[in-house]
Amino acid sequence: MKSQSSRQFISKAFLYSILVIATLLSIFPFYWMFVMATNTNEVINRIPPAILPGKELVANFTKVLNTIDFFGAMWNTFIVASITTIGVLILSSLAGFAFAKLHFKGKNALFVMILVTMIIPPQLGLIPQYIIISKLNWLSDFKAIIVPGLIDAFGIFWMRQYISSNVPDELIEAAKIDGCSIFRVYWNITVPIIIPAFATLAIIKFMYVWNDFLWPLVVLRDEESQTIQVALRGLIDNYVRDNGMILSGTFWATVPLVIIFLLFNRLFISSLTEGAVK
Amino acid sequence: MTGVNTEKASLKKNPLGTKRSFTEKKKEALAGYLYISPFFILFAIFGLFPILFSFYLGFHKWNGFGEMEYVGFKNFNLILSDPLFWKSLSNTMIMWILGTLPQLLIGIILAYALNAAIIKYKSIFRVSVFMPYVTSTVAVAIVFGIMFNDQPFGLFNIIIGWFGMDPINWTTSDWGLKIAISTMVFWRWVGYNTIIYLAGLQAIPSELYEAATIDGASTRQKIQYITIPMLKPIIILTVFTSTIGALQLFTEPLIMVGRTYREEGLTVVLYLYREAFNNMAFGTASATAIILFLIIVVLSSINVFIANRIGK
C-alpha cells in the first residue's frame, strides 16, 4: 500500500511540475512585455535586465502615439472585424439553414463544393485578388477586407451541423403548416435556437480578422486605413529601435483580445475544439 | 433522408393539394438557392476567378501595368533555377520540422497531464496554456524578435549565457533565425494543439480504461493500447493542419528579417510576396503560388496515404 501511494505522489508531482512549467512559459512573454513596456530603453538593454515593472508606462505609450495612429488603427480593426463578423453570422446561418432544412436539387453536391474550398491555400489567389481590389478602387478601403472576408466555408459548415442537430424537423414542418414563410421559419424559429452557435462562430471570426496580417498588409496601403497588426509593424520599421516603445504598443494591442478571452474563455476553448473535432 | 420522409408525410396529410405543394416546393428550392448564393457569388469573384487567373498569370510576364506577355514555362524555369527559391523551400521545410514536431509531441504530453484525474485547478492550467493562441502572430513575432536580440543583453543570449554559451547572432545566422522563428511558432500553437488533444482524450470512453485496469494493465500499456490508438484520428488531423500552416509561414519571418528579406529567414510565401510586391514580377510570383499549391497537395496526399496505412 505504502509503495503505491508514494508512487502516486511521484506521478502527481511530475504531472504538476509539467503543467506549472508550461503555464509559466505561456504566461511569461505577457509579463515580460509588460515589464519592458514600463521601462526605459537603457534599463531594458542592460545585464541583468529589468525583471520588475518600471515607471515609464505613460511615457512609452505616449511615444507609441507619436509614432503610429494607435487608436485609429484599433478603431479600424474593431470596425472591420465587427462588420465582417456580423456579415458572416448572417450569411453562414442562412446558408447553413438552407443546407440543413430546405430541399433543393444538387444540395449535397453544392455543400461538398463548399467544403472543398476550405483546403485551398489562400496564397494561391493572392495576386489576382490584389489586382481585383485595385481595379475596384478598393485599396485602402475597408471593403477590401470585409467583402472577401464574408466568404466563410467553415461558418456554413459549422451552422449546418448545428442546425441539423439542434433544430427539430417537426418544429419546422409545424410552422410551415401554420403558413409561416421560409424566411420566418429561419428568423423566428431557427435563429433563437442557434444563439450558442452564433457566439462560437463570432469568436472565431472576430479573432481571425483582428489578428490577420498578410491580406491587410497587401490591400490597406494608406496609414489612415491600417489595422492594428499592420500598424504594429510600423513600430519596428524605425531606424532607432526603442524596445520599450515597441513593446508598449504591442502590449496594448494585445490586451483587448486577452481580456475578451479571459471573460469568455470557456466559449473560446470549446468553440475551437468543437470546430476541430467535428 | 429527411427529404423523403417529409415528402411522404405531406402527401399523406394533404392528398388533394398536390398543386399547392408543388409551388411550395418550388418556393422552398428558390429560397434554398437564394440563401446559399452569396457564398457562391463572392467565391466566384474573390476565390475561384483569382485562382484561375493565377494559373494564367503563371505563364505570363507582367509587372501589373503594361501588356501581359505569354512566356510558357519560363517563369517556372526561372524559379526552379533560382537558388534563393530552393533556399526558401529548404528553410520552410526545416522550420516545419523544428516548429511542428515538438509542438505536437509536447501538446500530447500536456493534454495527458491536463486530463489526469489526480490534477486539480485544471481550468487555470488550461486557460493559461491556451492564452498564447489569442495573441496575434505579429505581436508574437515582435516580442520574440526582441527576446532573440543579437546583443549580449538579449533575453535568450542571457539565458544561454547561464549555460556558459557565447551570445548567438539570432537574426543573421542560418540556424539562429530558424530556431528563433520555430520557437515563436511553437509558443503560439502548442496550447492550441494541447486543447485539441485534450478534447480527443476526453472523448475516449472511461469504460475502456476501467476494463484494462481490471485486466491488470499497467499505465504504459494503457497509453500504448488505448490512448494512442483512440487518439489517432486527432493526431492525423493536427499533423495535417499544422503542416499546411507551416508551409504558409510568412508573418514571423517578415517581422524578423524586416525589409531586408535575408535569405536565412526567407520562406516560400515570403519569396512569393517579395516577387510580387517588391519586384513587381506578378508572373513569377504566381508561378511560385502554383508551386506552393502543388507542394501542399503532394504533402497532404502523403499525409493521407500514411494515415491510411497506419489506420490498417
Side-chain angles (χ1 to χ4, degrees), chain A residues 12 15-16 18-19 22-23 26-27 29 33 45-47 49 91 94-95 97-99 102-105 107 110 114 117 120-121 123-129 132 148 150-151 156 169 173 182 207 211 213-214 218 229 232-233 236 243 246-247 250 253-254 257-258 261 265 269 272-273 276-277, chain B residues 2-3 6 27-29 31-33 35-36 38-39 42-43 46-47 50-51 53-54 57 109-110 113-114 116 118-119 125-132 134-139 142-143 146 152-153 158 191 195-196 199-200 237 244 248 250-251 255 269 272 276 282 285-286 289 292-293 296:
Chain A
K12 204 171 169 178
L15 291 177
Y16 269 113
I18 290 178
L19 288 174
T23 299
S26 301
I27 302 288
M33 216 180 346
N45 296 346
R46 153 183 108 184
I47 307 177
L91 295 184
L94 272 172
F97 168 73
F99 280 120
L102 301 181
H103 311 299
F104 51 94
K105 250 192 203 156
K107 186 168 84 166
L110 290 167
I114 290 182
T117 66
I120 301 168
Q123 292 85 5
L124 185 56
L126 181 72
I127 291 147
Q129 278 164 351
I132 291 171
L150 295 175
I151 304 172
I156 295 176
D169 282 336
E173 287 306 316
I182 289 167
M207 194 175 89
N211 286 342
F213 177 64
L214 175 55
V218 168
Q229 307 304 333
L232 280 184
R233 192 191 173 218
I236 58 166
N243 287 343
I246 294 171
L247 288 174
T250 312
T254 308
L257 267 198
V258 169
F261 167 65
N265 70 77
I269 291 175
L272 288 156
T273 50
V277 177
Chain B
T2 49
T6 50
K27 255 189 196 166
E28 184 175 323
Y33 292 126
Y35 294 170
I36 64 169
F39 176 89
L42 287 172
F43 184 76
F46 295 103
I51 289 167
F53 198 62
S54 268
L57 266 182
I109 294 171
L110 286 178
L114 273 174
I118 46 173
I119 295 293
F125 289 129
R126 209 175 49 185
V127 165
S128 40
V129 166
F130 192 73
M131 216 154 86
V134 179
T135 324
S136 75
T137 321
V138 176
I142 290 176
V143 172
I146 293 176
F153 54 74
I158 292 176
I195 299 297
I196 303 277
L237 174 87
I244 293 177
Q248 297 171 2
F250 168 77
T251 306
I255 301 280
V269 178
L272 187 166
F282 286 125
S286 296
L292 176 68
F293 175 63
I296 290 178

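Here is how names work: the chains are called A, B, and so on, in the same order as the sequence lines, proteins then strands, and each is numbered from 1. Keep in mind the model is a prediction, meaning the values are calculated, not measured.
Among A/L19, A/I151, A/L94, A/N265, the residue with the largest count of heavy-atom pairs under 4.5 Å with chain B is A/L19. Between chain A and the options B/I195, B/I296, B/T137, B/I109, heavy-atom pairs under 4.5 Å are most frequent for B/I195. With respect to chain B, the highest number of heavy-atom pairs below 4.5 Å among A/I120, A/N243, A/I127, A/T250 belongs to A/I127. The candidate with the highest count of non-hydrogen atom pairs below 4.5 Å against chain B, out of A/L126, A/I246, A/I182, is A/I182. Counting heavy-atom pairs under 4.5 Å between each of A/P148, A/P121, A/P29 and chain B puts A/P29 at the top. With chain B as the partner, the residue from A/I27, A/L102, A/L91 showing the most heavy-atom pairs under 4.5 Å is A/L102. Of the listed residues (A/A98, A/G125, A/S26), the one with the most heavy-atom contacts under 4.5 Å to chain B is A/S26.
The side-chain heavy atoms of A/L110 and A/F104, taken from C-beta on, include a pair separated by under 4.5 Å. Contact check for A/L214 versus B/T251: no side-chain heavy atoms found under the 4.5 Å cut-off. In this structure the side chain of B/L114 never reaches within 4.5 angstrom of the side chain of B/I119, judged on heavy atoms.
Side-chain N or O atoms of B/S128 include none that pairs as donor or acceptor with a backbone N or O of A/T23 at under 3.5 Å. At least one donor-acceptor pair closer than 3.5 Å links the side chain of A/N211 to the backbone N or O of B/V134. At least one donor-acceptor pair closer than 3.5 Å links the side chain of A/Q129 to the backbone N or O of B/F46.
If you measure heavy-atom distances from B/P38 to chain A, the contacts under 4.5 Å come from the side chain alone. Residue contact with chain B, scored on non-hydrogen atoms closer than 4.5 Å, involves the backbone and the side chain of A/I18 alike. For chain A, the nearby part of B/V269 is the side chain; its heavy atoms alone come within less than 4.5 Å. Within the 4.5 angstrom heavy-atom criterion, atoms from both the backbone and the side chain of B/L110 approach chain A. Of the two parts of A/Y16, the backbone and the side chain both hold a non-hydrogen atom closer than 4.5 Å to a non-hydrogen atom of chain B. Looking at B/I146, both its backbone and its side chain come within 4.5 Å of chain A, counting heavy atoms on both sides. Using a 4.5 Å cut-off between heavy atoms, B/L57 touches chain A through its side chain atoms alone. Residue B/F250 touches chain A through its side chain alone, counting heavy-atom pairs closer than 4.5 Å.
Nearest approach of A/F99 to A/K107, heavy atoms of both residues: O-NZ, 3.2 Å. Nearest heavy-atom pair, B/F43 versus A/T117, reported as atom, atom and distance to 0.1 Å: CZ-CG2, 3.4 Å. Here the closest heavy-atom approach between residue A/L232 and residue A/A253 is recorded as CD1-CB, 4.0 Å.
Rounding to the nearest 0.5 Å gives a distance of 5.0 Å between NE2 of A/H103 and CD of B/E28.
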